[in-house]
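Remarks on the structure that follows.
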Amino acid sequence: MATLDQFVVNIRQLSTDGKFSDLAQTLSNPSIDHLSKNIQYIDSIIATFPLPDYSMCMLACLHAIAKAPNIPNFDAFLSQVDNFIQTSSAEQVQYLPQYLCEICHVITEQLRKENRARLGVPILYRAIELLRREPGQLLSIHSDLYQLCLLCQWFEPALTYLDADIVDINRENGKFDVKHLLLAYYYGGMIYACIKQFDRAGNFFENVITVPSQATSAIAIEAYKKYVLVKLISGSIPANPLPTYTSRTVQQTIGSVCGAQYTELFNIFNNQTLAQFDEFVNRHRDQYARDRNLGLIKQTRTAFICNSIQQLTKTFLTVSLKDLANRVQLQSTTEAERYLLDMIENEQIFASINKQDGMVIFHGSPEKFDANNMLAKLQDETEKRMQAEKQLR
Amino acid sequence: MNLSRNFESGSHNQQMDVQNIVSSSGDTNNNLSTSHSNGNSTASSYEGNYQVNVSATGFELDTITSSYTGLMRIYRLLYIADHCPALHNEALLASLKYIQETHFTSIYKQVLDELKKQNIPLPNDLDPNWYEKTQRGYTQKLEKLDTDLRNFRTNSIKDSIRRGHDDLGDHYLDAGDFFNAIRCYVRSRDYCVTPRHMITMCMNVIKASFYMQNWSNVLSYVSKAEQAIESLESTAKSSATTTTTTTTPIPTSSVVNPMEISTTNAMIASDAILASRLKVYAGIAELATKRYKLAARHFLGVSFEHCSNYFQDLISPQTLIQYVCLCSLATFERSELHRLIIMSPNMKQYLELEPSVRDILLKFYETSYSTCLALMSQIEPILALDQYLVPHLRTLYYEIRHRIIITYFLPYKNASMTIMATQLNTTLDDLEDELVNLIRLGKIKARIDSKNKILYVADTDQRWHAYQHALTITKQSEKITRALLLRSAIIKANLCVKDDSISSATRSPNNNNNMNVPRRHYVPTGQGNMMIDEGELSDDAAMN
């Protein structure tokens, strides 16, 4: 007890003196980890630290509670943490980022188990706000936030962070694990897939796969599977499935584990008929179900049909609905018409249907690139790219 | 029973290719093979034990027996026996007669068994003991040659050793043991001194490899032989000039010199024959390996008199022109066709022999495609009896058809598909399928108006494409820049997926499968532990 009191007085002193780096060192020194040893008194200790002056000490206490084997009153703890985040001083907290991150991990874990993800989202949101030094910085809290958002299907908080480009990663005093990076992008990709922005989802999954690695992580494999499906749905089938800077081990593992079921899909997409596609999917249905990708598979099927129809636009000027249905192997002309209408609305193809004689006429794209705004848009994009490249240097 | 088993097994791989080509070009449409022009009785691709009906074509076995000799004749007869039911018995009996002139005992036995099985009456002068006699003779001669060779080796006279090997190789060849034959011939290579020895050795190896259908071997030795002939020619030329220079001062020795010159002339002539022969071998090898344009070019270099007089054990002029016709129609441009075949005096002589082939070529050139195609389907049964051509027959026919369609459409901006269909002897639907296929393969740049059945030239709006391309590029560069920024951040933070446990040989692949809790992927050990809990992630519902 005496040592504890002494310790508390010590850190109090350091705090008031403003010697934050010393304080940080003292607090994170595991050999004098009095706080975790004396958990039972922690509540009284916390009461002695008013915020925002004693943010660090408070943080250390909260961290000690979080690391304890079981948290007695989780909701109270949550509200404590929330309170802390809202009222602490960012400057002090910056010294001990890993504590905050670990607290967030613990919270996420707990909420996930209890199925109350929605509670944690605002807390984590504010935590990121507090901790990151610039908009382009990635923290391990990001992966937690995305996970909770996925769990409760509430995407807006995540999107604000997802849309920002990451240019830096907060090392969190060495505690930032590469797992968090992988998870952040994996969950991010899934969120984008949920809101149907498949392009960006594909990019995110690709980022997971291309993280430098000497060993393959299961996250990367899952990411690859979703990557394949998302790429097919978004309709852009790359010539080279993976960028060349994917590490060797990852490529090999991917080839051996998911080659047959997923990479094959690329070939099927290009060369085969719908019937063959269905047969292939049925054969591997179990695998897809195990990976919980069935929803994506269904969307891939739609994309396949759209792809076939688009190929037909290149070869035909007009075609009868019946013929179209035959060539794409759809069940009936009504189904074909339905797909056509969808695609026309989404501006994937340009066509008109003549119901009188059941003909579909394919037009060229009406986009003439004449308008001013088109030129302006092009110019805009080019400028943005040049800026980004400057940043890269 | 497949007597010509050699060719079946060798050509099987090639059959698969044909089948694959046929089915892959079908794509999302009906299989092209079913839309064959006039519903020919032969199957879509010639594989296995197909049967050909040659009654309509007036094909006679005599053409084979008279134009060929040696092993080639036997093989061709056996192939016909396998695949043409009408000529089956005749061919078998004829082949039996010729087999008896060789030591080819294994084939003899097969043919005899086949004849007995089908109760065909054997010719009266058949020697029942031929088999044993020949076997004995074969082994005796083999021993003799072996001992001879050993004697030569002990005497270590290079030339006799070489000739000994050659003789042994010839003997094996006669008995149909091609593998050993090649072995012997290749052994004789070490004892070759002059280019002429080299040439003989090459020719022998080529012959044996040819029967074994080892095409790469054939081609490599052909090039070796050609090099040897060139060096021979240069030495011959220099010796010829020296002899001519020595004639002038001494008139009395002019009697001697014409003989020398004539011998050198004879040698040059025989070298020319050799060169032609090599071209034939090369041509057939290229044909077998599907390089049709090269094959045609090789065949074009074969002079007519060589072919008709000296090559009976290899190819007849009729067959040659058939090969030339098909290969060139499938691969040559119109100008090449005109210059190299129709106008060439050499080829004219061949064409005289085979009027149907000549007609096909001429009709193609004057764009009467329907007659051309009709003629082609007429001679198809005959071609189906040629073992070197059969694996490629389908491909070549399709190629020619495609070429016809492409050439036909070249001058038009829009063409009526009904007229095209009559020209090409197909129905409108089949034609449409074929066209879709060709467009998808990129061979025609056109679009189909299915309502009015017109084929339009595809107009590509370059400007639109350029702008579209620009937009795509911006998107791509955005993605790449972002990825690179992230990557530089990762590297700056020194992050890497690592496995810190020592025995890390098999990590992640196994762990997706052994799961205690069904939805937990656990990769064990080390600081780099990757625990994912996909448990509560309801991505399935979300992605719908």
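Values reported hereafter were calculated over all heavy atoms of this structure, with side chains retained and with hydrogens, waters and symmetry mates removed. Here the structure is a predicted model, which is why all the values come from computation and not from measurement.
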Next on the checklist: Run the salt bridge (Lys or Arg N to Asp or Glu O under 4.0 Å) test on B/Lys451 and A/Asp323 for me, step by step, so that the C-alpha distance in whole Å, both residues' side-chain angles and the decisive distance to 0.1 Å come before the verdict.
Outcome noted: CA-CA 11 Å; B/Lys451 180 170 165 199; A/Asp323 214 7; over 6 Å; no

Checklist entry - Can you check side-chain contact (heavy atoms from CB on, under 4.5 Å) on A/Arg327 and B/Asp433, steps first, answer last? => result CA-CA 10 Å; A/Arg327 285 187 193 274; B/Asp433 286 339; 3.2 Å; yes

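In terms of modelled atom types and a separation under 3.5 Å, the side chain of A/Thr318 and the main chain of B/Ser450 share a donor-acceptor contact. Looking at B/Arg487, its side chain never comes within 3.5 Å of a backbone N or O of A/Asn207 through a donor-acceptor pair.
Looking at every heavy atom in both residues, A/Leu317 comes nearest to B/Asp449 through CB-CA, 4.1 Å. Heavy atoms only, all atoms of each residue included: B/Arg447 and A/Phe362 are closest at NH2-CB, 3.9 Å.
Interface remark: of the candidates A/Val211, A/Val319, A/Asn203, A/Thr313, A/Asn203 forms the most heavy-atom pairs closer than 4.5 Å to chain B. Contact count versus chain A (heavy atoms, under 4.5 Å) is highest, among B/Ile490, B/Ile444, B/Leu486, B/Asn452, for B/Leu486.
Inter-residue side-chain proximity for A/Leu312 and B/Arg440 is flagged as met; some heavy-atom pair is nearer than 4.5 Å.
A distance of 13.0 Å separates NZ in B/Lys445 from NZ in A/Lys314, rounded to the nearest 0.5 Å.
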